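Bear in mind the structure is a predicted one, so any value in this text is a computation, not a measurement.
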Amino acid sequence: MFCTSFINVANELGAPSYVFYTCGATCLAFMLHVQSLFDRGEFDPAELKDSDAELAIPGLRDPLQGKQLPSVVVEADWLPTVMRHTRRTREAKGILVNTFHDFESQAVASLTTGQTPPLYTTPPLYTVGPIIDLKMKGDRTAGETEIVDWLDKQPESSVVFLCFGSMGSFDEEQVKEIAIALEASGQRFLWSLRKPPQKGKPEFFPSEYDDVKEGLPEGFLDRTDGLGKVIGWAPQTRILAHPSVGGFVSHCGWNSTLESTWFGVPVATWPMHAEQQLNAVMLVKELEVAVEIRMSYRKTSGEVVPAEEIERGIRGLMAAENEGRRIKAKEMSDKCRKAVEDGGSSYHSIGRFIEDVITD
């Protein structure tokens with residue numbers, strides 16, 4: 001999806017071009033719609049990004065508020081690039097999307113059947129997901145074994161897992177608020193805590209603490225001993241697959257979204273970058289398999305989410321009153337797995353793609 005310049009090479013060779021879209025169909029519908037508005041001079045992110053103004057989006061049941069616009073279209077450095085790639089995606093012979101039909105049926109319909117009046121035309125769409133790396137086989141590392149052994153000792157669906165992706169880290173002030181929230185919630189927890197990149201250095205990804213105590217408020221580990229565990233890098237799919245995990249505080253990256261769906265784990269949404277705000281809206285409002293911590297959060301804002309807001313989200317995620325969302329998450333998990341089985345929607349879609357390539 002960021003390599004659309006290769007369409008030129010394919011054209012020179014007389015070969016068909018297909019785009020693999022690693023985000024979801026909702027994101028694709030959103031980006032195509034915004035690109036249409038942008039090209040007509042009708043999209044001003046500076047005016048919208050912090051507002052309650054509403055923008056109707058094909059593929060979403062309810063309008064999107066300006067403050068919920070994904071970071072990728074409100075950051076000046078990113079907008080021209082993503083608009084260029086989105087524009088060129090229309091030139092492809094087809095688009096393979098890492099999703100499955102039942103997960104984003106309204107967005108798929110808006111892109112394929114015209115049920116939502118389109119403001120654009122799109123190439124044929126193939127829903128081929130979920131394409132995820134489960135990494136459930138093979139030997140465990142010593143760190144993975146320690147984590148799984150700890151989870152084995154916890155009651156079923158009792159642990160809230162906090163993990164914020166390969167680029168997810170927080171400064172000291174925000175870490176303190178998370179720690180206060182976890183302690184006050186009284187919930188069992190497993191927290192993946194990463195060291196943020198050093199300011200002023202060309203580093204994008206977090207690293208590991210020599211000792212996690214470095215990043216935590218004094219005495220936190222002692223006060224939560226027996227209740228929670230703080231780790232560095234997390235074997236996310238192994239953790240989400242474990243029966244003791246009952247909730248996932250997530251940045252809502254698309255891989256994490258698909259993985260939590262595969263395992264039927266409900267989410268508390270805390271988006272940060274890219275299209276994650278849109279994913280959060282979809283999970284909370286459209287699918288009702290998630291609760292909100294703050295759907296409009298953007299890491300670049302420098303805001304600190306207070307402990308009270310985080311605690312409220314964690315309690316809501318793990319509460320008995322959340323059983324309806326938990327049931328919906330399990331139902332979607334069943335649909336997710338059936339999609340890639342023989343006869344499933346993604347199985348058929350991949351077959352259709354192969355036939356189209358062969359007969360082109």
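- Qualifying salt bridge (charged side-chain N to carboxylate O under 4.0 Å, His left out) partners for Asp39, counting only residues two or more places apart in sequence or in other chains: Arg87.
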Could you give the side-chain donor-acceptor pairs of residues 66-80 under 3.5 Å, partners two or more places apart or in another chain?
unit_1, atom_1, unit_2, atom_2, d
Lys67, NZ, Asp52, OD1, 3.1
Gln68, OE1, Gln65, N, 3.3
Ser71, OG, Gln277, NE2, 3.0

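- If you chain together ILVMFWY residues whose side-chain heavy atoms come under 4.5 Å of each other, Tyr347 ends up in a group of its own.
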> Would Arg325 and Glu288 count as a salt bridge (charged side-chain N to carboxylate O under 4.0 Å, His left out) if you check the C-alpha gap in whole Å, the side-chain angles of each, and the deciding distance to 0.1 Å?
Replying inline: CA-CA 6 Å; Arg325 293 180 188 269; Glu288 298 179 343; 5.7 Å; no
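- Applying the ring-ring contact (aromatic ring centres under 6.0 Å, His included) rule to pairs touching residues 7-27 yields Tyr18-Phe353, sequence neighbours excluded.
- In this structure, Asp334 and Lys330 have side chains that are not in contact, with every pair of non-hydrogen atoms separated by 4.5 Å or more.
- A perpendicular orientation is assigned to the rings of Phe220 and Trp191, their planes being inclined by more than 60° (bins at 30° and 60°).
- Side-chain atoms of Ile239 and Val159, non-hydrogen and from C-beta on, never get closer than 4.5 Å to each other.
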Could you pull out every donor-acceptor pair under 3.5 Å between side chains of residues 176-183 and any protein atom, sequence neighbours left out?
unit_1, atom_1, unit_2, atom_2, d
Glu177, OE1, Ala307, N, 2.8
Glu183, OE1, Arg223, NE, 3.2
Glu183, OE1, Arg223, NH2, 3.4
Glu183, OE2, Arg223, NE, 2.7

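- Phe38 is linked by a ring pair (Phe, Tyr, Trp, His ring centres under 6.0 Å) to nothing, counting only residues two or more places apart in sequence or in another chain.
- The shortest side-chain heavy-atom distance between Phe103 and Thr127 does not fall under the 4.5 Å cut-off.
- No side-chain donor-acceptor contact under 3.5 Å links Arg312 and Ser185.
- The cluster map of Ile, Leu, Val, Met, Phe, Trp and Tyr, joined by side-chain heavy atoms under 4.5 Å apart, puts Phe30 and Leu96 in different clusters.
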Under 3.5 Å, sequence neighbours excluded: what are the donor-acceptor pairs made by side chains of residues 41-50?
unit_1, atom_1, unit_2, atom_2, d
Glu42, OE1, Arg40, NH2, 3.3
Glu42, OE2, Arg40, NE, 3.4
Asp44, OD1, Ala46, N, 3.2

> Given the rule in the side chain to side chain contact (heavy atoms under 4.5 Å, CB included) test, do Leu221 and Val212 qualify, once you have shown the distances and angles that lead to the verdict?
Replying inline: CA-CA 9 Å; Leu221 291 178; Val212 291; 4.2 Å; yes
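- The salt bridge (charged side-chain N to carboxylate O under 4.0 Å, His left out) contacts involving residues 336-357 comprise nothing, where partners must be two or more places apart or lie in separate chains.
- At a threshold of 4.5 Å between non-hydrogen side-chain atoms, the residues Trp233 and Leu193 do not count as touching.
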Side-chain donor-acceptor pairs of residues 259-271 under 3.5 Å, sequence neighbours excluded:
unit_1, atom_1, unit_2, atom_2, d
Glu259, OE1, Gln236, NE2, 2.7
Ser260, OG, Ser256, O, 3.1
Ser260, OG, Thr257, O, 3.0
Thr261, OG1, Thr257, O, 2.7
Thr269, OG1, Val291, O, 3.3

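- When only modelled atom types and interatomic distance are considered, Gln187 and Arg315 share no side-chain donor-acceptor pair under 3.5 Å.
- When side chains are defined from C-beta on, Glu104 does not count as touching Leu111, because their heavy atoms never get closer than 4.5 Å.
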For a quick test of your reading: what N or O donor-acceptor pairs under 3.5 Å do the side chains of residues 145-153 make, sequence neighbours left out?
unit_1, atom_1, unit_2, atom_2, d
Thr145, OG1, Thr141, O, 3.1
Glu146, OE2, Lys229, NZ, 2.8
Asp152, OD1, His242, NE2, 2.6

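- With a 4.5 Å cut-off on side-chain heavy atoms, Met332 and Leu287 count as touching.
- The hydrophobic cluster containing Val9, built from Ile/Leu/Val/Met/Phe/Trp/Tyr side-chain heavy atoms closer than 4.5 Å, also comprises Phe6, Leu13.
- Taking the ring pair (Phe, Tyr, Trp, His ring centres under 6.0 Å) definition, one finds that His85 meets it with Phe2, sequence neighbours left out.
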